[in-house]
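Naming convention: chains lettered A, B, ... in sequence-line order (proteins, then strands); numbering from 1 in each chain. Only a predicted model underlies this, so the values are computations on that prediction, with no experimental measurement involved.
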2 protein chains.
Amino acid sequence: MSKTQVEEKREAILEAGKEVLFEYGYLGASVDEVLRRVGGSKRTIYKYFESKEGLFGAIVTELVNQAMQPLEMSLLDKEGELYATLEALGQTYLDVILREESVAIFRIAASEGIGHPTLGKALFESGPGAAVKRLAAYLHHQNKIGVLAIKDIDLAARHYYGMVRSDLHMRALLGLPLPAPAEINRGMRQAVASFVGIYEA
Amino acid sequence: MSKTQVEEKREAILEAGKEVLFEYGYLGASVDEVLRRVGGSKRTIYKYFESKEGLFGAIVTELVNQAMQPLEMSLLDKEGELYATLEALGQTYLDVILREESVAIFRIAASEGIGHPTLGKALFESGPGAAVKRLAAYLHHQNKIGVLAIKDIDLAARHYYGMVRSDLHMRALLGLPLPAPAEINRGMRQAVASFVGIYEA
DNA sequence: GTGCTAGGGTACGGAACAGTACCATCTCGG
DNA sequence: CCGAGATGGTACTGTTCCGTACCCTAGCAC
(Lines give C-alpha, C1' and ligand atoms only; values in the text may rest on other atoms or scores of the structure.)
Protein backbone atom coordinates (compact mmCIF):
# COMPACT_ATOMS: atom_id res chain seq x y z
CA MET A 1 0.00 0.00 0.00
CA SER A 2 1.46 3.31 -1.07
CA LYS A 3 2.24 6.17 1.22
CA THR A 4 -0.51 8.36 -0.14
CA GLN A 5 -3.04 5.68 0.60
CA VAL A 6 -1.75 5.44 4.12
CA GLU A 7 -2.05 9.19 4.50
CA GLU A 8 -5.54 9.09 3.07
CA LYS A 9 -6.62 6.59 5.66
CA ARG A 10 -5.14 8.64 8.43
CA GLU A 11 -6.78 11.81 7.17
CA ALA A 12 -10.09 10.04 6.77
CA ILE A 13 -9.89 9.04 10.41
CA LEU A 14 -9.08 12.59 11.44
CA GLU A 15 -11.91 14.00 9.34
CA ALA A 16 -14.45 11.57 10.74
CA GLY A 17 -13.08 12.24 14.20
CA LYS A 18 -13.61 15.94 13.71
CA GLU A 19 -17.23 15.39 12.77
CA VAL A 20 -17.81 13.17 15.77
CA LEU A 21 -16.11 15.69 18.01
CA PHE A 22 -18.35 18.51 16.81
CA GLU A 23 -21.47 16.44 17.17
CA TYR A 24 -20.87 14.84 20.54
CA GLY A 25 -18.32 17.03 22.26
CA TYR A 26 -15.08 15.83 23.75
CA LEU A 27 -16.51 13.59 26.42
CA GLY A 28 -19.33 12.28 24.29
CA ALA A 29 -17.10 11.43 21.35
CA SER A 30 -16.33 7.74 21.00
CA VAL A 31 -13.86 5.74 18.96
CA ASP A 32 -16.65 3.37 18.02
CA GLU A 33 -18.62 6.21 16.48
CA VAL A 34 -15.60 7.27 14.44
CA LEU A 35 -15.25 3.68 13.34
CA ARG A 36 -18.87 3.54 12.22
CA ARG A 37 -18.23 6.49 9.90
CA VAL A 38 -14.78 5.78 8.60
CA GLY A 39 -15.31 2.04 8.36
CA GLY A 40 -12.59 -0.55 8.64
CA SER A 41 -11.12 -2.09 11.72
CA LYS A 42 -10.64 -0.65 15.13
CA ARG A 43 -7.11 -1.91 15.07
CA THR A 44 -6.33 0.46 12.20
CA ILE A 45 -7.31 3.47 14.26
CA TYR A 46 -5.16 2.30 17.13
CA LYS A 47 -2.31 1.86 14.68
CA TYR A 48 -2.31 5.59 13.96
CA PHE A 49 -3.34 6.85 17.35
CA GLU A 50 -2.32 5.63 20.72
CA SER A 51 -5.64 6.00 22.43
CA LYS A 52 -8.91 7.86 22.40
CA GLU A 53 -7.13 10.71 24.13
CA GLY A 54 -4.42 10.63 21.49
CA LEU A 55 -6.86 10.70 18.60
CA PHE A 56 -9.12 13.47 19.79
CA GLY A 57 -6.24 15.35 21.35
CA ALA A 58 -4.52 15.47 17.95
CA ILE A 59 -7.69 16.71 16.33
CA VAL A 60 -8.24 19.38 18.96
CA THR A 61 -4.73 20.78 18.90
CA GLU A 62 -4.73 20.83 15.12
CA LEU A 63 -8.03 22.68 15.16
CA VAL A 64 -6.76 25.24 17.63
CA ASN A 65 -3.74 25.90 15.49
CA GLN A 66 -5.69 26.18 12.27
CA ALA A 67 -8.85 27.93 13.33
CA MET A 68 -7.15 30.97 14.82
CA GLN A 69 -4.42 31.28 12.24
CA PRO A 70 -5.72 34.46 10.52
CA LEU A 71 -5.53 36.27 13.86
CA GLU A 72 -1.87 35.43 14.23
CA MET A 73 -0.84 36.56 10.79
CA SER A 74 0.34 40.13 10.86
CA LEU A 75 -1.75 42.59 8.93
CA LEU A 76 0.59 45.38 9.83
CA ASP A 77 2.15 45.40 6.39
CA LYS A 78 -1.04 46.65 4.85
CA GLU A 79 -1.70 49.48 7.20
CA GLY A 80 -3.91 51.96 5.50
CA GLU A 81 -6.08 54.68 6.79
CA LEU A 82 -7.07 54.40 10.44
CA TYR A 83 -10.72 53.53 9.92
CA ALA A 84 -9.95 51.08 7.15
CA THR A 85 -7.35 49.30 9.23
CA LEU A 86 -9.51 49.04 12.30
CA GLU A 87 -12.45 47.85 10.27
CA ALA A 88 -10.32 45.27 8.52
CA LEU A 89 -9.05 44.00 11.88
CA GLY A 90 -12.58 43.89 13.24
CA GLN A 91 -13.94 42.08 10.21
CA THR A 92 -11.18 39.49 10.30
CA TYR A 93 -11.71 39.01 14.00
CA LEU A 94 -15.42 38.42 13.63
CA ASP A 95 -14.95 36.17 10.63
CA VAL A 96 -12.59 34.01 12.60
CA ILE A 97 -14.32 33.72 15.94
CA LEU A 98 -17.83 33.31 14.53
CA ARG A 99 -16.89 30.53 12.13
CA GLU A 100 -18.60 27.28 12.92
CA GLU A 101 -15.33 25.45 13.53
CA SER A 102 -14.07 28.14 15.86
CA VAL A 103 -17.25 28.11 17.88
CA ALA A 104 -17.08 24.34 18.12
CA ILE A 105 -13.46 24.27 19.28
CA PHE A 106 -14.22 27.07 21.72
CA ARG A 107 -17.08 25.10 23.17
CA ILE A 108 -14.81 22.11 23.59
CA ALA A 109 -12.05 24.14 25.19
CA ALA A 110 -14.51 25.77 27.57
CA SER A 111 -16.40 22.70 28.62
CA GLU A 112 -13.69 20.10 28.71
CA GLY A 113 -11.15 22.38 30.24
CA ILE A 114 -11.17 19.75 32.92
CA GLY A 115 -8.81 17.06 31.74
CA HIS A 116 -7.26 19.32 29.14
CA PRO A 117 -6.13 22.26 31.26
CA THR A 118 -3.78 23.81 28.74
CA LEU A 119 -6.22 23.78 25.83
CA GLY A 120 -8.09 26.87 26.95
CA LYS A 121 -4.90 28.81 27.38
CA ALA A 122 -3.61 27.78 23.97
CA LEU A 123 -6.86 28.74 22.30
CA PHE A 124 -7.06 32.09 24.00
CA GLU A 125 -3.49 33.03 23.31
CA SER A 126 -3.50 32.02 19.67
CA GLY A 127 -6.88 33.67 19.16
CA PRO A 128 -8.18 36.67 21.06
CA GLY A 129 -4.89 37.12 22.87
CA ALA A 130 -2.95 37.32 19.63
CA ALA A 131 -5.50 39.72 18.17
CA VAL A 132 -5.14 42.04 21.16
CA LYS A 133 -1.37 41.98 20.96
CA ARG A 134 -1.41 42.75 17.28
CA LEU A 135 -3.87 45.61 17.69
CA ALA A 136 -1.86 46.96 20.61
CA ALA A 137 1.22 47.14 18.42
CA TYR A 138 -0.71 49.04 15.81
CA LEU A 139 -2.22 51.41 18.35
CA HIS A 140 1.20 52.02 19.84
CA HIS A 141 2.40 53.16 16.44
CA GLN A 142 -0.62 55.41 15.94
CA ASN A 143 0.08 56.87 19.35
CA LYS A 144 3.65 57.67 18.37
CA ILE A 145 2.74 59.38 15.13
CA GLY A 146 0.15 61.46 16.90
CA VAL A 147 -2.99 60.04 15.36
CA LEU A 148 -4.26 58.56 18.59
CA ALA A 149 -3.75 59.44 22.24
CA ILE A 150 -4.25 56.34 24.34
CA LYS A 151 -3.06 55.96 27.90
CA ASP A 152 -3.60 52.26 28.49
CA ILE A 153 -3.10 50.68 25.09
CA ASP A 154 -3.71 47.12 26.19
CA LEU A 155 -6.97 48.00 27.90
CA ALA A 156 -8.09 50.03 24.89
CA ALA A 157 -7.39 47.09 22.61
CA ARG A 158 -9.41 44.77 24.80
CA HIS A 159 -12.27 47.25 24.90
CA TYR A 160 -12.11 47.55 21.13
CA TYR A 161 -12.52 43.83 20.65
CA GLY A 162 -15.11 43.81 23.38
CA MET A 163 -17.25 46.22 21.40
CA VAL A 164 -16.60 44.43 18.13
CA ARG A 165 -17.50 41.11 19.72
CA SER A 166 -20.55 42.69 21.29
CA ASP A 167 -22.78 39.78 22.29
CA LEU A 168 -22.20 37.96 19.01
CA HIS A 169 -19.72 35.40 20.27
CA MET A 170 -21.86 34.66 23.28
CA ARG A 171 -24.91 34.13 21.09
CA ALA A 172 -22.94 31.82 18.83
CA LEU A 173 -21.66 29.80 21.77
CA LEU A 174 -25.16 29.36 23.11
CA GLY A 175 -26.49 28.30 19.74
CA LEU A 176 -28.63 31.38 19.19
CA PRO A 177 -29.13 32.79 15.69
CA LEU A 178 -26.88 35.64 14.67
CA PRO A 179 -27.98 38.86 12.99
CA ALA A 180 -27.57 39.17 9.25
CA PRO A 181 -24.00 39.87 8.09
CA ALA A 182 -24.94 43.38 7.06
CA GLU A 183 -26.22 44.07 10.57
CA ILE A 184 -23.10 42.58 12.10
CA ASN A 185 -20.98 44.75 9.85
CA ARG A 186 -22.93 47.83 10.82
CA GLY A 187 -22.33 47.16 14.51
CA MET A 188 -18.66 46.62 13.86
CA ARG A 189 -18.32 49.90 12.00
CA GLN A 190 -20.12 51.70 14.76
CA ALA A 191 -17.66 50.18 17.21
CA VAL A 192 -14.76 51.47 15.13
CA ALA A 193 -16.29 54.93 14.95
CA SER A 194 -16.82 54.96 18.72
CA PHE A 195 -13.30 53.78 19.35
CA VAL A 196 -11.73 56.43 17.15
CA GLY A 197 -13.98 59.02 18.74
CA ILE A 198 -12.71 58.09 22.18
CA TYR A 199 -9.02 57.97 21.47
CA GLU A 200 -8.27 60.30 18.55
CA ALA A 201 -5.63 62.87 19.36
CA MET B 1 -40.77 10.76 58.07
CA SER B 2 -41.53 14.42 58.31
CA LYS B 3 -41.90 16.71 55.38
CA THR B 4 -38.82 18.68 56.27
CA GLN B 5 -36.75 15.51 56.23
CA VAL B 6 -38.15 14.62 52.86
CA GLU B 7 -37.26 18.06 51.61
CA GLU B 8 -33.80 17.75 53.10
CA LYS B 9 -33.19 14.53 51.25
CA ARG B 10 -34.35 16.04 48.00
CA GLU B 11 -32.23 19.12 48.50
CA ALA B 12 -29.22 17.01 49.38
CA ILE B 13 -29.64 15.17 46.10
CA LEU B 14 -29.90 18.44 44.23
CA GLU B 15 -26.86 19.84 45.99
CA ALA B 16 -24.75 16.78 45.29
CA GLY B 17 -26.04 16.76 41.72
CA LYS B 18 -24.95 20.36 41.30
CA GLU B 19 -21.44 19.49 42.43
CA VAL B 20 -21.27 16.54 40.08
CA LEU B 21 -22.60 18.66 37.26
CA PHE B 22 -19.93 21.30 37.80
CA GLU B 23 -17.17 18.74 38.00
CA TYR B 24 -18.07 16.48 35.12
CA GLY B 25 -20.30 18.56 32.85
CA TYR B 26 -23.71 17.57 31.66
CA LEU B 27 -22.69 14.56 29.62
CA GLY B 28 -20.06 13.38 32.07
CA ALA B 29 -22.33 13.60 35.08
CA SER B 30 -23.68 10.27 36.31
CA VAL B 31 -26.38 9.25 38.71
CA ASP B 32 -23.98 6.80 40.32
CA GLU B 33 -21.58 9.60 41.13
CA VAL B 34 -24.37 11.57 42.77
CA LEU B 35 -25.25 8.48 44.73
CA ARG B 36 -21.68 8.08 45.93
CA ARG B 37 -21.82 11.58 47.42
CA VAL B 38 -25.30 11.74 48.80
CA GLY B 39 -25.38 8.13 49.95
CA GLY B 40 -28.47 6.04 50.23
CA SER B 41 -30.22 4.03 47.58
CA LYS B 42 -30.53 4.62 43.90
CA ARG B 43 -34.21 4.00 44.22
CA THR B 44 -34.56 7.09 46.38
CA ILE B 45 -33.13 9.29 43.66
CA TYR B 46 -35.49 7.79 41.13
CA LYS B 47 -38.34 8.42 43.51
CA TYR B 48 -37.76 12.16 43.34
CA PHE B 49 -36.57 12.38 39.75
CA GLU B 50 -37.87 10.52 36.77
CA SER B 51 -34.53 9.95 35.10
CA LYS B 52 -31.01 11.22 34.73
CA GLU B 53 -32.36 13.82 32.34
CA GLY B 54 -34.99 14.81 34.86
CA LEU B 55 -32.50 15.19 37.69
CA PHE B 56 -29.87 17.22 35.94
CA GLY B 57 -32.45 19.08 33.91
CA ALA B 58 -34.07 20.28 37.11
CA ILE B 59 -30.72 21.39 38.47
CA VAL B 60 -29.80 23.21 35.28
CA THR B 61 -33.05 25.11 34.93
CA GLU B 62 -32.97 26.07 38.59
CA LEU B 63 -29.42 27.33 38.18
CA VAL B 64 -30.31 29.38 35.13
CA ASN B 65 -33.14 31.02 36.98
CA GLN B 66 -31.10 31.74 40.08
CA ALA B 67 -27.69 32.64 38.70
CA MET B 68 -28.85 35.51 36.55
CA GLN B 69 -31.45 36.84 38.92
CA PRO B 70 -29.64 40.06 39.87
CA LEU B 71 -29.58 41.06 36.22
CA GLU B 72 -33.33 40.80 35.95
CA MET B 73 -34.08 42.88 39.01
CA SER B 74 -34.65 46.46 38.07
CA LEU B 75 -32.16 48.91 39.43
CA LEU B 76 -34.00 51.78 37.82
CA ASP B 77 -35.44 52.90 41.12
CA LYS B 78 -32.06 53.89 42.40
CA GLU B 79 -30.98 55.92 39.44
CA GLY B 80 -28.38 58.36 40.54
CA GLU B 81 -25.78 60.26 38.71
CA LEU B 82 -24.91 58.96 35.23
CA TYR B 83 -21.47 57.64 36.04
CA ALA B 84 -22.58 56.07 39.28
CA THR B 85 -25.49 54.31 37.65
CA LEU B 86 -23.47 52.97 34.74
CA GLU B 87 -20.73 51.82 37.08
CA ALA B 88 -23.24 50.12 39.33
CA LEU B 89 -24.76 48.32 36.36
CA GLY B 90 -21.34 47.30 35.14
CA GLN B 91 -20.23 46.08 38.53
CA THR B 92 -23.38 44.04 39.02
CA TYR B 93 -23.02 42.61 35.56
CA LEU B 94 -19.45 41.51 36.12
CA ASP B 95 -20.21 40.16 39.56
CA VAL B 96 -22.96 38.00 38.12
CA ILE B 97 -21.37 36.65 34.97
CA LEU B 98 -17.96 35.99 36.51
CA ARG B 99 -19.31 34.07 39.48
CA GLU B 100 -18.19 30.49 39.53
CA GLU B 101 -21.73 29.16 39.29
CA SER B 102 -22.55 31.37 36.36
CA VAL B 103 -19.47 30.34 34.48
CA ALA B 104 -20.28 26.70 35.12
CA ILE B 105 -23.87 26.98 33.93
CA PHE B 106 -22.71 28.94 30.92
CA ARG B 107 -20.26 26.22 30.04
CA ILE B 108 -22.99 23.64 30.29
CA ALA B 109 -25.41 25.65 28.21
CA ALA B 110 -22.76 26.24 25.55
CA SER B 111 -21.44 22.73 25.33
CA GLU B 112 -24.52 20.66 25.80
CA GLY B 113 -26.71 22.86 23.68
CA ILE B 114 -27.18 19.71 21.72
CA GLY B 115 -29.96 17.85 23.43
CA HIS B 116 -31.02 20.90 25.41
CA PRO B 117 -31.67 23.37 22.64
CA THR B 118 -33.66 25.88 24.65
CA LEU B 119 -31.21 26.15 27.52
CA GLY B 120 -28.88 28.53 25.75
CA LYS B 121 -31.70 30.82 24.81
CA ALA B 122 -33.08 30.85 28.34
CA LEU B 123 -29.68 31.61 29.81
CA PHE B 124 -28.96 34.39 27.37
CA GLU B 125 -32.31 36.04 27.74
CA SER B 126 -32.41 35.94 31.52
CA GLY B 127 -28.77 37.09 31.72
CA PRO B 128 -27.03 39.29 29.16
CA GLY B 129 -30.25 39.84 27.23
CA ALA B 130 -32.06 41.11 30.29
CA ALA B 131 -29.11 43.34 31.19
CA VAL B 132 -29.14 44.91 27.74
CA LYS B 133 -32.87 45.53 27.86
CA ARG B 134 -32.61 47.14 31.26
CA LEU B 135 -29.72 49.35 30.23
CA ALA B 136 -31.52 50.28 27.02
CA ALA B 137 -34.50 51.50 29.04
CA TYR B 138 -32.20 53.61 31.19
CA LEU B 139 -30.38 55.01 28.17
CA HIS B 140 -33.68 55.84 26.52
CA HIS B 141 -34.59 57.95 29.51
CA GLN B 142 -31.23 59.70 29.53
CA ASN B 143 -31.74 60.41 25.85
CA LYS B 144 -35.09 62.02 26.53
CA ILE B 145 -33.85 64.28 29.28
CA GLY B 146 -30.98 65.41 27.11
CA VAL B 147 -28.11 63.87 29.03
CA LEU B 148 -27.15 61.47 26.26
CA ALA B 149 -27.58 61.51 22.49
CA ILE B 150 -27.68 57.96 21.22
CA LYS B 151 -28.99 56.98 17.83
CA ASP B 152 -29.09 53.21 18.15
CA ILE B 153 -29.77 52.57 21.81
CA ASP B 154 -29.78 48.81 21.62
CA LEU B 155 -26.47 48.70 19.81
CA ALA B 156 -24.97 51.16 22.26
CA ALA B 157 -26.09 49.01 25.17
CA ARG B 158 -24.53 45.91 23.64
CA HIS B 159 -21.31 47.79 23.01
CA TYR B 160 -21.34 48.99 26.58
CA TYR B 161 -21.55 45.50 27.96
CA GLY B 162 -19.05 44.39 25.37
CA MET B 163 -16.49 46.81 26.78
CA VAL B 164 -17.37 45.98 30.35
CA ARG B 165 -17.08 42.28 29.62
CA SER B 166 -13.83 42.90 27.78
CA ASP B 167 -12.14 39.50 27.53
CA LEU B 168 -12.95 38.64 31.13
CA HIS B 169 -15.84 36.31 30.50
CA MET B 170 -13.93 34.53 27.77
CA ARG B 171 -10.99 34.03 30.07
CA ALA B 172 -13.24 32.69 32.78
CA LEU B 173 -14.91 30.26 30.39
CA LEU B 174 -11.57 28.94 29.24
CA GLY B 175 -10.36 28.52 32.81
CA LEU B 176 -7.72 31.23 32.66
CA PRO B 177 -6.90 33.32 35.71
CA LEU B 178 -8.64 36.66 36.00
CA PRO B 179 -6.99 39.96 36.89
CA ALA B 180 -7.26 41.22 40.44
CA PRO B 181 -10.63 42.75 41.34
CA ALA B 182 -9.08 46.21 41.51
CA GLU B 183 -7.79 45.82 37.97
CA ILE B 184 -11.16 44.55 36.77
CA ASN B 185 -12.82 47.51 38.40
CA ARG B 186 -10.40 49.91 36.75
CA GLY B 187 -11.18 48.49 33.32
CA MET B 188 -14.89 48.73 34.00
CA ARG B 189 -14.64 52.37 35.05
CA GLN B 190 -12.62 53.16 31.95
CA ALA B 191 -15.34 51.51 29.89
CA VAL B 192 -17.94 53.73 31.54
CA ALA B 193 -15.84 56.83 30.90
CA SER B 194 -15.40 55.87 27.25
CA PHE B 195 -19.09 55.18 26.87
CA VAL B 196 -20.13 58.51 28.33
CA GLY B 197 -17.51 60.24 26.18
CA ILE B 198 -19.00 58.72 23.06
CA TYR B 199 -22.63 59.40 23.72
CA GLU B 200 -22.91 62.46 25.97
CA ALA B 201 -25.06 65.15 24.49
C1' DG C 1 4.16 -19.03 -6.56
C1' DT C 2 5.61 -17.59 -1.74
C1' DG C 3 6.30 -14.84 1.86
C1' DC C 4 5.04 -10.35 4.05
C1' DT C 5 2.55 -6.57 5.64
C1' DA C 6 -1.59 -3.51 6.01
C1' DG C 7 -6.01 -3.55 6.71
C1' DG C 8 -11.08 -5.59 7.39
C1' DG C 9 -14.40 -7.99 10.36
C1' DT C 10 -15.67 -9.95 14.49
C1' DA C 11 -15.34 -11.15 19.06
C1' DC C 12 -13.97 -10.53 23.69
C1' DG C 13 -12.53 -8.70 28.59
C1' DG C 14 -13.16 -5.26 31.71
C1' DA C 15 -15.37 -1.20 33.19
C1' DA C 16 -18.96 2.36 33.70
C1' DC C 17 -23.59 3.52 33.47
C1' DA C 18 -29.08 3.83 33.42
C1' DG C 19 -32.72 1.94 35.45
C1' DT C 20 -35.17 -2.03 38.07
C1' DA C 21 -35.87 -5.53 41.63
C1' DC C 22 -35.64 -7.30 46.12
C1' DC C 23 -35.27 -7.36 50.89
C1' DA C 24 -33.79 -5.49 55.30
C1' DT C 25 -34.29 -1.48 58.15
C1' DC C 26 -35.92 2.65 59.98
C1' DT C 27 -39.47 6.25 61.05
C1' DC C 28 -43.65 7.96 62.06
C1' DG C 29 -48.69 7.93 62.89
C1' DG C 30 -52.14 5.76 65.53
C1' DC D 1 -46.35 -1.00 70.36
C1' DC D 2 -47.42 -1.95 65.55
C1' DG D 3 -48.16 -1.64 60.82
C1' DA D 4 -47.41 1.21 56.49
C1' DG D 5 -44.59 3.68 53.81
C1' DA D 6 -40.05 5.49 52.98
C1' DT D 7 -35.20 4.47 52.65
C1' DG D 8 -30.71 1.78 52.54
C1' DG D 9 -27.91 -1.72 50.48
C1' DT D 10 -27.03 -4.84 47.10
C1' DA D 11 -27.55 -7.22 43.02
C1' DC D 12 -29.03 -7.58 38.40
C1' DT D 13 -30.07 -6.62 33.14
C1' DG D 14 -28.92 -4.46 29.15
C1' DT D 15 -26.19 -1.14 26.91
C1' DT D 16 -22.05 1.46 25.60
C1' DC D 17 -17.42 2.01 25.49
C1' DC D 18 -12.09 1.32 25.43
C1' DG D 19 -8.62 -1.42 24.11
C1' DT D 20 -6.89 -6.11 22.58
C1' DA D 21 -6.92 -10.54 20.16
C1' DC D 22 -7.73 -13.48 16.33
C1' DC D 23 -8.41 -14.69 11.74
C1' DC D 24 -9.26 -13.48 7.13
C1' DT D 25 -8.36 -11.02 2.61
C1' DA D 26 -5.72 -8.02 -0.63
C1' DG D 27 -1.84 -6.29 -2.67
C1' DC D 28 3.23 -6.00 -3.16
C1' DA D 29 8.30 -7.87 -3.47
C1' DC D 30 11.14 -11.36 -4.99
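Ring planes of Tyr93(A) and Tyr161(A): tilted class, angle from 30 to 60°.
You'll find that the side chain of Tyr46(A) is closest to dG19(D), out of dT7(D), dA18(C), dG19(D).
Taking atom OH of residue Tyr48(B) and atom P of nucleotide dG19(C), one finds them 18 Å apart after rounding to whole Å. Atom pair Phe49(B):CZ and dA18(C):C1' shows a separation of 16 Å (rounding to whole Å applied). The distance between atom CZ of Arg43(A) and atom P of dC24(D), rounded to the nearest whole Å, is 18 Å. If you measure from atom CD1 of Ile45(B) to atom C1' of dC17(C), you get 13 Å, rounded to the nearest angstrom. Between the CG atom of Leu55(A) and the C1' atom of dG19(D) there is a distance of 13 Å, rounded to whole Å. The distance between atom CZ of Phe56(A) and atom P of dG19(D), rounded to the nearest whole Å, is 10 Å. Rounded to an integer number of Å, the gap from NZ of Lys52(A) to P of dC17(D) is 9 Å.
A 6.0 Å sphere centred on CZ of Arg36(A) holds more than 12 heavy atoms belonging to other residues, nucleotides or ligands. Counting heavy atoms of neighbouring residues, nucleotides and ligands inside a 6.0 Å radius, atom CD of Glu183(A) exceeds 12 of them.
A salt bridge links Glu101(B) with Lys18(B): the closest approach of a Lys/Arg side-chain nitrogen to an acidic carboxylate oxygen falls below 4.0 angstrom.
Applying the ring pair (Phe, Tyr, Trp, His ring centres under 6.0 Å) test to every pair with at least one member in residues 177-201 of chain B, sequence neighbours left out, gives these pairs: Tyr160(B)-Phe195(B), Phe195(B)-Tyr199(B).
When the side-chain nitrogen and oxygen atoms of Thr44(A) are compared with OP1 and OP2 of dG8(C), one or more of them lie within a distance under 4.0 Å.
A heavy-atom distance below 4.5 Å is found between the side chains of Phe56(B) and Val34(B).
Contact check of residues 28-42 of chain A against DNA chain D (heavy atom, cut-off under 4.0 Å) returns Ala29(A), Ser30(A), Val31(A), Asp32(A), Arg36(A), Lys42(A).
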